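Notes follow once the structure below has been shown.
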4 protein chains.
Amino acid sequence: MGRRINLGLIGAGRIGRLHAGHLAYRVPGANLLAISDIAVEAAQECAGRLGVPIAVQEHRAILENDDIEAVIICSSTDTHAQLIEEAAAAGKHIFCEKPIDLDLARIDRALQAVEKAAVKLQIGFNRRFDPNFKRIREMVAAGQIGQPHILRITSRDPAPPPISYVKVSGGIFLDMAIHDFDMARYIIGSEVEEVFVAGGVMVDPAIGQAGDIDTAITTLKFANGTLGTIDNSRQAVYGYDQRVEVFGSKGMVTTANNTPDRTVYCDARGVHSALPLYFFIERYTDSYIAEMQAFIQCIREDTPPPVTGVDGRIPVQIGYAATRSYAEHRPVRLEEIG
Amino acid sequence: MGRRINLGLIGAGRIGRLHAGHLAYRVPGANLLAISDIAVEAAQECAGRLGVPIAVQEHRAILENDDIEAVIICSSTDTHAQLIEEAAAAGKHIFCEKPIDLDLARIDRALQAVEKAAVKLQIGFNRRFDPNFKRIREMVAAGQIGQPHILRITSRDPAPPPISYVKVSGGIFLDMAIHDFDMARYIIGSEVEEVFVAGGVMVDPAIGQAGDIDTAITTLKFANGTLGTIDNSRQAVYGYDQRVEVFGSKGMVTTANNTPDRTVYCDARGVHSALPLYFFIERYTDSYIAEMQAFIQCIREDTPPPVTGVDGRIPVQIGYAATRSYAEHRPVRLEEIG
Amino acid sequence: MGRRINLGLIGAGRIGRLHAGHLAYRVPGANLLAISDIAVEAAQECAGRLGVPIAVQEHRAILENDDIEAVIICSSTDTHAQLIEEAAAAGKHIFCEKPIDLDLARIDRALQAVEKAAVKLQIGFNRRFDPNFKRIREMVAAGQIGQPHILRITSRDPAPPPISYVKVSGGIFLDMAIHDFDMARYIIGSEVEEVFVAGGVMVDPAIGQAGDIDTAITTLKFANGTLGTIDNSRQAVYGYDQRVEVFGSKGMVTTANNTPDRTVYCDARGVHSALPLYFFIERYTDSYIAEMQAFIQCIREDTPPPVTGVDGRIPVQIGYAATRSYAEHRPVRLEEIG
Amino acid sequence: MGRRINLGLIGAGRIGRLHAGHLAYRVPGANLLAISDIAVEAAQECAGRLGVPIAVQEHRAILENDDIEAVIICSSTDTHAQLIEEAAAAGKHIFCEKPIDLDLARIDRALQAVEKAAVKLQIGFNRRFDPNFKRIREMVAAGQIGQPHILRITSRDPAPPPISYVKVSGGIFLDMAIHDFDMARYIIGSEVEEVFVAGGVMVDPAIGQAGDIDTAITTLKFANGTLGTIDNSRQAVYGYDQRVEVFGSKGMVTTANNTPDRTVYCDARGVHSALPLYFFIERYTDSYIAEMQAFIQCIREDTPPPVTGVDGRIPVQIGYAATRSYAEHRPVRLEEIG
């Protein structure tokens with residue numbers, strides 16, 4: 001065991017409370033010292049429940065606390081870039097939820113601040129730490145499928161978010177598919193150079209009225225020649241459908257969904273088994289813990305974070321390329337974007 | 001392609017018609033010349049449909065036909081031994097459905113007749129030719145699971161036979177489990193030395209009133225030390241459940257049931273796939289064809305048949321040991337039987 | 001049983017011999033009277049082996065034979081349209097292997113000849129008769145997945161054809177993916193309106209030198225709004241990968257590959273099961289038989305054939321749209337093609 | 001959230017440390033106040049790591065601590081009964097690892113002490129809390145398989161314990177199969193009335209020299225007529241094999257093993273997936289946590305513990321019946337034992 005890392009967490013919403021719980025109980029070496037939230041009762045409730053000594057409204061109290069070595073930014077997206085800059089200026093290492101920002105220039109300024117301060121910045125693309133996807137990445141990296149030729153990602157949510165959220169989300173590509181764009185880069189180990197989108201409104205007309213789509217097939221071309229296809233839906237009635245398949249010159253690796261149990265029931269009507277785990281909270285628990293463990297480890301061992309600021313920037317760029325491809329009904333090259 | 005083998009088939013009941021159809025269309029080198037049945041219209045109907053030139057009531061017409069080299073005995077069990085002796089005396093090679101007889105001494109006389117006549121005799125334990133079980137046998141024989149330790153057989157019918165049949169069937173062990181006893185010897189490649197049965201009447205009280213049971217767990221001890229367990233039921237509402245598993249020092253091999261298709265359907269209630277193929281006709285089509293192909297081949301190439309008369313005798317002996325074990329509520333050694 | 005249909009088969013190459021064997025043994029009601037091949041020995045060998053009475057070099061002998069009611073056209077693609085016209089003129093019903101022709105205008109003339117002669121024409125898109133895909137179609141048609149949103153087809157061959165064949169094949173979309181284009185229309189029950197292709201040469205540079213590609217992802221838009229994605233490769237080292245998945249408002253249905261057996265082997269290194277059936281001959285045996293049974297049935301019952309001439313034309317049109325999309329690097333609407 | 005329950009843990013060996021970690025971090029409402037171990041450094045190390053305030057050598061310090069409401073007994077088996085009596089006398093609720101003792105009379109005295117003191121006693125049959133087995137029990141209890149007819153349990157360890165442990169373990173039935181005996185009662189919801197064992201030494205001759213066996217098939221008869229079969233091995237080279245299947249009048253439910261991931265890899269040799277989780281620590285993590293949560297809950301809500309003292313006694317009785325059945329080579333009724 002290495003030394004304990006004192007942490008402050010900014011933003012006690014759903015994802016903040018999730019991380020706080022993990023940091024309190026399931027991440028050896030983490031010592032959560034303070035929680036802030038502009039709704040201070042949220043910070044107080046969470047801190048009280050987990051035995052965290054400090055609960056404040058102002059994140060500045062965390063940044064000014066010399067005992068705190070690193071911050072976990074879980075506030076709303078529009079505050080991420082600013083908080084990254086402030087935390088960097090305060091010399092804190094930073095874990096920040098995705099996306100850094102929806103403006104690429106704004107992201108770049110934040111990343112420059114991090115670089116100047118020479119602190120660590122890890123972005124919350126937690127799915128990289130999912131045992132299924134991590135295993136696929138390892139097999140691809142080890143050459144077990146040979147040269148990758150085709151990547152297939154299926155990513156379907158169990159239910160769409162509220163329309164009020166859809167309206168400010170940045171759209172399906174920046175809000176939902178951004179995880180898949182990160183997964184694509186991570187799995188193949190090469191950059192996306194071009195995207196083409198076919199999409200539509202099939203789940204709920206209100207999503208279309210909000211200016212977004214809810215169903216999409218995105219074709220990717222990678223720098224190393226691999227081709228990719230992602231299919232997204234805002235609503236799979238059977239639950240959260242999260243699968244990846246990579247096909248290459250020496251073989252193929254694919255993954256089934258995770259389920260709450262492995263029972264199989266046969267009756268006169270058929271053979272029945274469990275639905276996938278319902279949504280990201282259930283499915284990605286292990287990956288949320290593992291990403292925090294990795295963050296603590298990279299601070300302790302002074303190694304680069306496993307998901308960098310650039311890893312946070314590129315999926316946003318792909319998201320814009322996808323958005324433009326859908327709007328202009330043509331393949332769009334990444335270099336056309338910011 | 002080798003020479004064509006002229007065949008006569010005795011008994012145009014369900015299994016006889018099944019074999020006749022395969023011999024007509026799906027067994028290269030087989031030439032079905034004649035069909036006999038004591039109900040001569042059954043022979044005529046079958047022969048007419050398949051283009052078989054001769055249809056007779058008397059099986060003697062087949063045995064006396066010098067163009068016919070081999071016979072397929074599909075008549076009722078109580079005629080098998082007599083027909084084997086007659087066919088052997090007539091110098092015909094013989095394929096005979098299981099069981100040879102329910103009387104071990106009667107079996108022995110029939111086998112002596114075969115030996116004396118130096119004709120080939122193959123018994124209809126078709127499941128040895130099922131692709132799943134054959135593959136398991138090959139893996140065990142090749143040492144891929146090392147020394148076998150535990151054999152598990154699940155063998156459950158979709159529905160019980162009529163009570164009228166149950167009464168004359170010889171009981172669950174001689175009628176139904178006999179296939180599993182053959183499978184056990186075949187898979188392990190060693191002889192069963194002892195059996196212990198726990199059984200009961202759970203499916204239908206009428207089966208109990210007929211003096212039989214409908215559910216059983218049979219424990220086997222093999223000469224080479226392997227232990228086995230067979231579970232039998234006369235009624236699985238989800239269809240014909242036919243699985244084998246062998247566990248050994250280097251690994252384990254098991255098989256799932258065959259299904260009519262490989263589709264998987266997910267809806268809001270669960271994940272659903274197809275039931276097993278309904279019963280032996282559907283499940284074992286390929287093995288019925290393959291056993292006939294093997295019979296033709298062993299005649300053409302003058303090699304020993306793959307399922308011998310002794311292979312036909314021993315499962316009957318195990319069946320009696322199982323019957324006695326249930327009756328006397330104790331483990332019974334094979335050497336106690338006939 | 002209905003009346004027997006006398007048939008003549010034109011072209012005793014690989015697929016012709018396959019159909020001939022099925023017609024001889026496995027299609028009740030079919031009576032194969034004659035086989036022709038410009039290499040007359042091929043016709044003679046096949047006829048001799050299967051007991052077909054007539055073997056000739058000239059297909060005209062088949063068309064002039066008044067006993068023959070229908071023809072099976074298995075000759076090379078460049079002869080299909082001409083033979084269809086001649087057979088129609090002779091009043092024969094026609095089963096013709098895909099594609100009808102690579103020239104849409106030539107196809108149209110052939111279809112007009114069929115219409116004028118009022119004979120039946122069935123095209124050899126055998127995969128529609130595969131139990132897995134047929135079941136998926138039935139479930140989609142029955143509304144079990146609700147409104148379809150996303151179609152995914154994976155279609156990968158175990159090994160590329162010879163380069164000499166690639167050069168005259170018409171390219172991956174007209175030669176290989178044409179089956180998938182038919183499957184897409186069949187499964188969704190709606191017409192493709194637009195395609196977009198991303199492709200490359202990954203399997204063998206010689207395929208690229210021959211002017212073709214060997215790997216492709218094709219995005220489809222259907223008239224009913226469904227989106228589709230097909231991934232094709234000329235070489236999957238693990239065998240013939242043939243999967244379809246349909247996702248909709250009420251659920252999802254998908255299919256695994258067929259395998260030669262269902263055994264699962266566990267050793268110290270992992271859990272292992274069988275590879276898919278190797279290639280189309282192994283995988284689609286049942287569907288080849290079923291399409292012939294359906295052809296015989298539609299003649300006997302005077303019903304429309306299950307795969308029409310229009311069904312043969314449209315996948316060629318989609319193939320040209322895909323070819324142009326790849327060449328011009330843009331989505332192409334079907335209405336732009338012929 | 002209910003009130004926090006102050007706990008003391010006795011015995012900081014492997015399983016004690018496991019429970020301590022769960023109590024510290026993953027069981028809401030548990031407050032681990034003290035750890036004792038006769039090797040006091042073990043208690044100190046564990047307490048220090050987990051922030052537990054008290055670490056002592058003498059368990060009496062725990063029993064005399066009025067702040068402590070319940071104890072977790074994880075010391076060696078030969079101390080369980082004595083500690084149960086002392087804890088009961090001290091008025092503490094008790095969680096005790098299995099088995100209570102290997103002497104039935106000794107168990108009875110301990111259970112009497114518990115009854116007299118009117119404290120709660122929960123026995124550590126953790127597998128009842130495994131999501132797979134729990135789901136099966138729920139389905140059986142809900143009547144989804146109808147009347148149960150056949151129970152199959154496969155329980156194979158990845159590797160045998162040291163011979164030194166085998167010698168004092170009480171034998172395979174009291175040490176290893178005891179969990180399966182509990183599972184059998186739990187799943188079927190009826191008592192075992194008779195057992196028959198076939199067993200042998202196949203894994204390691206040294207186990208035989210130590211007076212034990214390493215491979216067994218146990219047949220069970222239940223009071224409600226259900227038949228059961230358990231197969232046990234001390235060594236499955238592919239890992240911990242833990243499966244249960246129940247077959248009944250309306251259907252069947254079975255469970256596959258849990259694996260670290262759901263990836264499937266296809267190469268030219270076959271289709272490969274992950275081995276089962278290695279051993280009980282990996283496989284049953286969730287069930288260890290759940291049993292502690294249930295213990296805390298039954299104290300908080302003053303409800304009966306989900307695994308009672310009687311549940312702890314009966315599997316020992318079955319273990320003796322199995323041991324005698326093997327020794328005397330006959331079916332043994334439970335009523336013959338203690």
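What you see is a predicted model, and the numbers here were worked out from it, not measured in a lab. Worth knowing before you read on, the calculation uses all heavy atoms, side chains too, and leaves out hydrogens, waters and symmetry mates.
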The reported gap from OG1 in B/Thr154 to CZ in D/Phe247 (rounded to nearest 0.5 angstrom) is 9.5 Å
With respect to chain B, which residue among D/His329, D/Gln235, D/Arg330 yields the maximal number of heavy-atom pairs within a distance under 4.5 Å? D/His329
Atom CD of D/Gln147 and atom CE of B/Met202: how far apart are they, to the nearest 0.5 Å? 8.5 Å
With sequence neighbours excluded, residues passing side chain to side chain donor-acceptor pair (under 3.5 Å) with D/Ser325: none
If you count heavy-atom pairs under 4.5 Å with chain D, which of B/Leu220, B/Asp231, B/Val203 comes out on top? B/Asp231
Honestly, the part of D/Ile217 sitting under 4.5 Å from a heavy atom of chain B is both
May I ask you to name which of D/Ser233, D/Gly146, D/Gly248 has the most heavy-atom pairs under 4.5 Å with chain B? D/Ser233
Do D/Arg156 and B/Glu245 meet the salt-bridge criterion of a basic N to acidic O distance under 4.0 Å? yes
Going by residue number, which parts of residues 251-277 of chain D are within reach of chain B, meaning a heavy-atom gap below 4.5 Å? D/Gly251, D/Met252
How many angstroms lie between OG in D/Ser249 and CG in B/Asp204, if you round to the nearest 0.5 Å? 12.5 Å
Chain B neighbours within residues 165-182 of chain D, where any heavy atom lies under 4.5 Å away: none
Please classify the contact of D/Lys250 with chain B as side chain, backbone, both or neither, using a heavy-atom distance under 4.5 Å. backbone
Those residues of residues 191-200 of chain D, ordered by number, that approach chain B below 4.5 Å (heavy atom to heavy atom): D/Glu194, D/Phe196, D/Ala198, D/Gly199, D/Gly200
Crowding at NZ, B/Lys134 (>12 non-hydrogen neighbours, <6.0 Å): no
side-chain hydrogen bond (donor to acceptor under 3.5 Å, both in side chains), that's the test. Do D/Arg152 and B/Thr229 meet it? Break it down for me. CA-CA 10 Å; D/Arg152 304 194 67 148; B/Thr229 174; 4.6 Å; no
